[in-house]
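Here the structure is laid out as structure tokens; the discussion comes afterwards.
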Amino acid sequence: MFNNQLVSFSGIQPSGNLTIGNYLGALKNFASYSEKYKCFYCVVDEHAITVRQNPADLRRRTYETLALYLAAGLDPEKNTLYVQSHVHEHAELAWILNCFTMFGELSRMTQFKDKSAKHADNINAGLFTYPVLMAADILLYQTDVVPVGIDQKQHVEICRDIAQRLNQIYPDLFTVPEPVIPVHGQKIMSLAEPTKKMSKSDENVNAVVYILDDRDTIVRKFRRAVTDSDTVVRYAEGKDGINNLINIYSSFTGKNTEEIEREFDGKGYGDFKVAVGEVCADALKPVQDKYYEILSDKPALEAQMKKGAEEASYVARRTLSKVQKKLGFVQVR
Ligand code: TYM
């Protein structure tokens with residue numbers, strides 16, 4: 001809660017081309033908070049450098065991610081859209097929170113374990129303390145809700161633990177946030193290995209549908225999606241590929257599982273895969289059209305970055321200053 005208004009906060013890393021997992025798990029849902037909540041949506045470039053980035057790619061993707069926020073329907077008059085590194089309070093609060101976060105609890109984070117296995121040559125301290133920076137992002141804005149996919153639930157939970165720990169020592173310091181996780185879009189799986197999360201860093205481009213893929217590519221990727229030897233479109237344990245396609249179809253159309261099973265009763269997997277590809281392509285087309293228009297005006301994007309950072313800094317500064325005061329830091333302004 002900030003100034004008597006509920007707050008929504010979320011972020012996406014500019015570490016690769018965004019996928020329909022990012023879209024259905026997070027981005028698509030951000031705009032639904034704009035009316036009732038004060039919303040902050042951030043491009044988290046500081047999180048992205050926990051794995052090695054090519055500087056030119058990181059710079060380009062930061063613009064692209066912000067353009068996608070706007071293209072996905074986030075009105076900059078109703079939402080504060082900005083880049084994490086433009087608001088220095090994120091890194092400053094992260095340092096303070098580091099001093100209230102235990103080594104043991106960070107060691108239990110599954111994403112840290114996964115990423116350290118994947119980047120065994122670069123298990124840096126930032127990768128380890130990544131959830132603390134994420135907690136700082138969230139707590140700086142006195143956030144009530146954090147719309148994310150299920151892979152981020154554990155990180156929001158540790159953020160809650162950190163907030164509660166500090167609130168016990170320094171009462172009323174932080175709002176304790178809740179994760180908000182969509183039912184069908186919470187974990188979109190790889191089309192090639194449907195037991196694995198669809199990820200922007202996957203090297204197999206056929207396993208991943210990108211938000212900016214063209215129609216033919218989208219339909220082709222869905223046509224090739226790995227399923228099983230059954231032929232009936234129904235949601236069931238062990239049918240990971242079909243379950244994933246049902247979730248995707250449901251997220252794009254709003255239909256529930258029973259409606260989808262009825263719709264494809266008597267039809268084979270082939271028809272279903274094409275239908276999923278088509279609803280996906282249809283839904284993404286307006287986002288893509290807007291995206292290319294927005295991206296072509298770099299000065300306008302930079303003006304947006306500046307405006308967003310100013311708005312965010314105003315709130316971030318107030319929280320950081322409150323924290324510093326409570327901790328006993330001397331303030332001489
Ligand atoms: P990131 O960049 O990996 O993903 C951005 C958002 O997309 C969701 N997501 C998915 N949802 C469903 N299915 C998938 N296959 C899928 N892949 C990704 C993620 O859950 C996320 O919501 N640590 C965060 C970024 C972050 C953040 C924050 C989020 C930094 N600070 C503060 C919320 C609040 C991350 O790496 O997301």
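Ligands are counted one by one from 1 in listed order, and the atoms in each one are counted from 1 as well. Hydrogens, waters and symmetry mates are skipped; everything else that's a heavy atom, side chains included, is used.
- Only the side chain of D137 comes within 4.0 Å of ligand 1, judged by heavy-atom distances.
- Taking distance alone, with nitrogen or oxygen atoms compared against 3.5 Å, Q111 stays at or beyond that limit from ligand 1.
- Using 4.0 Å as the threshold, M189 has no heavy atom nearer than that to any atom of ligand 1.
- Residue nearest to atom 12 (C) of ligand 1, selected from P14, A135, G149, G185: G185 (by heavy-atom distance).
- In the hydrophobic cluster analysis, where Ile, Leu, Val, Met, Phe, Trp and Tyr join through side-chain heavy atoms closer than 4.5 angstrom, L133 is grouped apart from F40.
- No close placement of the F2 and Y141 rings is indicated, their centers lying 6.0 Å or farther apart.
- Formation of a donor-acceptor pair under 3.5 Å by the D213 side chain with backbone atoms of Y210 is found in this model.
- Under 4.0 angstrom from ligand 1, the non-hydrogen atoms of V146 all belong to its side chain.
- A 4.5 Å side-chain heavy-atom check between N247 and K187 finds every atom pair outside the cut-off.
- The shortest contact between atom 2 (O) of ligand 1 and any protein heavy atom is with K200 NZ, 2.8 Å.
- Within the set H47, K196, K153, Q152, the minimum heavy-atom distance to atom 21 (C) of ligand 1 is found for Q152.
- Contact annotation: for I138 versus ligand 1, heavy atoms closer than 4.0 Å belong to the side chain alone.
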> How far apart are the C-alpha atoms of D289 and K285, what are their side-chain angles, what is the distance that settles it, and do they pass the salt bridge (charged side-chain N to carboxylate O under 4.0 Å, His left out) test?
Replying inline: CA-CA 6 Å; D289 290 347; K285 179 77 171 64; 2.9 Å; yes
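- For ligand 1, the atoms sitting less than 4.0 Å from at least one non-hydrogen atom of F9 are 32 (C), 34 (C), numbered in the order shown with element in parentheses.
- Protein heavy atom at the shortest distance from atom 13 (N) of ligand 1 is I188 N, 2.8 Å.
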>> Between K200 and V208, does the side-chain contact (heavy atoms from CB on, under 4.5 Å) criterion hold? Intermediate values first, please.
In response: CA-CA 7 Å; K200 47 175 132 67; V208 180; 6.0 Å; no
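- Pairing each heavy atom of V233 with each of K267, the nearest pair is CG2-O, 4.4 Å.
- With distances taken over non-hydrogen atoms, the option nearest atom 26 (C) of ligand 1 out of G21, G11, S10, P147 is G11.
- Distances between N or O atoms of M134 and those of ligand 1 include no value under 3.5 Å.
- In terms of polar-atom proximity, A26 is not counted as a contact of ligand 1, lacking any N or O under 3.5 Å from an N or O of the ligand.
- Applying the side chain to side chain donor-acceptor pair (under 3.5 Å) test between T80 and each of K307, K38, E310 identifies K38 as the sole match.
- Taking 4.0 Å as the cut-off between side-chain N and carboxylate O, K153 and E157 count as a salt-bridged pair.
- With ligand atoms numbered from 1 in the order given, ligand 1 contributes 2 (O), 35 (C), 36 (O) to contacts under 4.0 Å with heavy atoms of Q13.
- Of the listed options D151, T65, T50, D151 places a heavy atom closest to atom 20 (O) of ligand 1.
- Taking only nitrogen or oxygen atoms, main chain and side chain alike, Y130 reaches within less than 3.5 Å of ligand 1.
- Considering only non-hydrogen atoms, atom 4 (O) of ligand 1 lies nearest to N22 out of V44, L18, I12, N22.
- With a heavy-atom cut-off of 4.0 Å, Q186 touches ligand 1 through its backbone alone.
- Here F252 and H184 keep their ring centres 6.0 angstrom or further from each other.
- Side chain of E92 to main chain of L320: no donor-acceptor pair is present (N/O by atom type, distance under 3.5 Å, no hydrogens or angles).
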